[in-house]
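Lettering of chains follows the sequences in order, A, B, ..., and the numbering in each one begins at 1. Nothing here was measured: the structure is a model prediction, and the numbers come from that model.
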Amino acid sequence: MREDGAGLRVGRIVEVEAYGGQEDRASHARPGRTRRNASMFGPPGHAYVYRVYGMHRCLNVVTGPDGAASAVLIRAVEPVVGIELMRVARLERALASRRPDRLDPAAAGHRLAAIPVHRLAAGPALVAAALSVDLADGGGDLLDPARSLRLEPALPAGPPVQVVVGRRVGVASAGEPWASVAWRFAVAGSPSLSKPLLPGS
DNA sequence: AGTTGGATGGTCT
DNA sequence: GACCATCCAACTG
């Protein structure tokens, strides 16, 4: 969730990927500690935020003990509270990009208004955009209730969910077994997944 | 409905 | 100089 001057944004995490640490050839931790991945090597429960493809940001939760550099990438979130704030945040980030096709604010706003709620954060960079996650959030304690960006326990009394597993996305060049290990986890049938995850893939 | 290619910049070889 | 833990518009059929 994100709580700031504009209000409250809450999303339910429906898709994640696990990254194992330095031995995981698909992990940013593979080359060892660098300035970019430093927060991965920090304490668990803190954020690791990185930039991909020069324009997008992605949010991870550090999971392993201090120094282990394992983490979980938040790949998709189902918007629950603050839908319009998420839409505004998506628009802000789209306009911040200098892509020619996104330069017209009116057109961009119109396109964004047409996106169904359940697709607003259906991808790792979309999660970061909808929650205004920036590199400055990296290293922050996601379990600190005083922080703007934080994790909360799942709502109690929800119906039990079925979890589906599959290969991680975009790591084909990592080599085996890292490219094929089933470390992508998703809520079965969620309409907010970054891409479908069928049982047995 | 599925495929393709462009945007964009830090990081590592 | 190449490579990306991506997204989306513009194609094809």
Side-chain angles (χ1 to χ4, degrees), chain A residues 13-41 47-64 69-77 79 86-87 89-116 118-139 165-186 191-198 201:
Chain A
I13 298 171
V14 293
E15 180 186 346
V16 298
E17 270 174 9
Y19 287 85
Q22 278 191 73
E23 77 279 4
D24 181 353
R25 306 280 299 183
S27 172
H28 291 168
R30 177 181 57 159
R33 185 186 187 119
T34 65
R35 174 138 82 267
R36 179 203 198 195
N37 66 22
S39 52
M40 263 186 127
F41 286 79
Y48 164 51
V49 181
Y50 65 90
R51 182 196 298 264
V52 256
Y53 298 104
M55 43 172 57
H56 303 299
R57 275 145 293 239
C58 296
L59 170 66
N60 293 251
V61 182
V62 177
T63 51
S70 45
V72 163
L73 169 68
I74 311 299
R75 283 197 58 87
V77 156
M86 293 186 193
R87 232 181 264 281
R90 284 281 311 270
L91 180 59
E92 282 172 354
R93 192 143 290 185
L95 295 179
S97 151
R98 292 199 294 248
R99 283 182 55 152
D101 54 296
R102 299 194 202 164
L103 273 183
D104 179 8
H110 197 263
R111 277 196 304 272
L112 217 31
I115 297 180
H118 65 273
R119 296 263 96 201
L120 278 176
L126 301 182
V127 169
L131 294 176
S132 308
V133 174
D134 212 340
L135 295 184
D137 290 303
V165 306
R167 301 216 261 229
R168 294 178 292 182
V169 175
V171 298
S173 60
E176 300 299 345
W178 311 110
S180 299
V181 80
W183 284 355
R184 178 181 174 217
F185 304 88
S192 299
L193 302 189
S194 63
K195 54 162 61 170
L197 178 44
L198 290 318
S201 76

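- Atom CE of M55(A) is separated from atom C1' of dG6(B) by 8 Å (rounded to the nearest Å).
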Bracket notation of DNA chain C in which parentheses pair within the strand, [ ] cross earlier pairs, and | pairs with another strand (Watson-Crick or G-U, under 3.5 Å): ||||.|||||||.

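- In this structure, the side chain of R168(A) engages the main chain of W178(A) through a donor-acceptor pair within 3.5 Å.
- With P as the reference atom, dT13(B) and dA5(C) are 13 Å apart, rounded to whole Å.
- Atoms CZ (R119(A)) and C1' (dC8(C)) sit 13 Å apart, rounded to a whole Å.
- Between R30(A) and dC4(C), a side-chain N or O to OP1/OP2 separation shorter than 4.0 Å is absent.
- Distances from the side chain of P124(A) to the nucleotides dC8(C), dC7(C), dA5(C) place dC7(C) closest.
- dC8(C) atom P lies 14 Å from atom OH of Y53(A), rounded to whole Å.
- No donor-acceptor pair under 3.5 Å is formed between the side chain of D24(A) and the backbone N or O of Y19(A).
- Between dT6(C) and R75(A), a contact under 4.0 Å exists linking OP1 or OP2 to a side-chain N or O.
- Under the rule for a salt bridge (Lys or Arg N to Asp or Glu O under 4.0 Å), R30(A) has no partner lying at least two apart in sequence or in another chain.
- Between dA9(C) and R111(A), a contact under 4.0 Å exists linking OP1 or OP2 to a side-chain N or O.
- L59(A) CG to L131(A) CG: the interatomic distance, rounded to the nearest 0.5 Å, is 8.0 Å.
- To the nearest 0.5 Å, atom CG of residue L120(A) and atom NE2 of residue H118(A) are 9.5 Å apart.
- Between H56(A) atom NE2 and dC8(C) atom P the separation is 7 Å, expressed in whole Å.
- Comparing the P positions of dG10(B) and dC8(C) gives an interatomic distance of 22 Å, to the nearest angstrom.
- Looking at residues two or more places apart in sequence or on another chain, you find a side-chain contact (heavy atoms from CB on, under 4.5 Å) between S39(A) and Y48(A).
- For the pair H110(A) NE2 and dA9(C) C1', the computed distance is 17 Å after rounding to whole Å.
- For the OP1/OP2 pair of dC4(C) and a distance below 4.0 Å, the side-chain nitrogens and oxygens of S173(A) include at least one atom meeting the criterion.
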S194(A) and R184(A): CA distance, side-chain angles, deciding distance, side-chain contact (heavy atoms from CB on, under 4.5 Å) verdict: CA-CA 11 Å; S194(A) 63; R184(A) 178 181 174 217; 3.7 Å; yes

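- Counting any heavy atom pair closer than 4.0 Å across all strands shown, R90(A) reaches sugar-phosphate atoms only and no base atom.
- Using a cutoff of 4.0 Å between basic side-chain nitrogens and carboxylate oxygens, E17(A) and R75(A) are scored as salt-bridged.
- Of the candidate nucleotides dT8(B), dC7(C), dA5(C), dC7(C) has the atom nearest to the side chain of L126(A).
- Residue side chain Y19(A) meets the stacking definition with respect to dA5(C): its ring centre sits within less than 5.5 angstrom of the base's six-membered ring centre, and the planes differ by less than 30 degrees.
- R93(A) places its CZ atom 15 Å from the C1' atom of dT8(B), with the value rounded to the nearest Å.
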Distances for protein N/O vs nucleotides 10-13 of chain B N/O pairs under 3.5 angstrom?
from	atom 1	to	atom 2	distance (Å)
dC12(B)	OP1	T34(A)	OG1	3.0

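- Atom NZ in K195(A) sits roughly 15 Å away from atom C1' in dC8(C) (whole-Å rounding).
- Heavy atoms of A26(A) sit under 4.0 angstrom from at least one base atom.
- The distance from atom CG of N60(A) to atom P of dT6(C) is 11 Å, rounded to the nearest whole Å.
- Screening residues 48-57 of chain A for salt bridge (Lys or Arg N to Asp or Glu O under 4.0 Å), with sequence neighbours left out, gives R57(A)-D134(A).
- Remark: I13(A) pairs with V16(A), I74(A), V77(A), L151(A) by the side-chain contact (heavy atoms from CB on, under 4.5 Å) rule, at least two apart or across chains.
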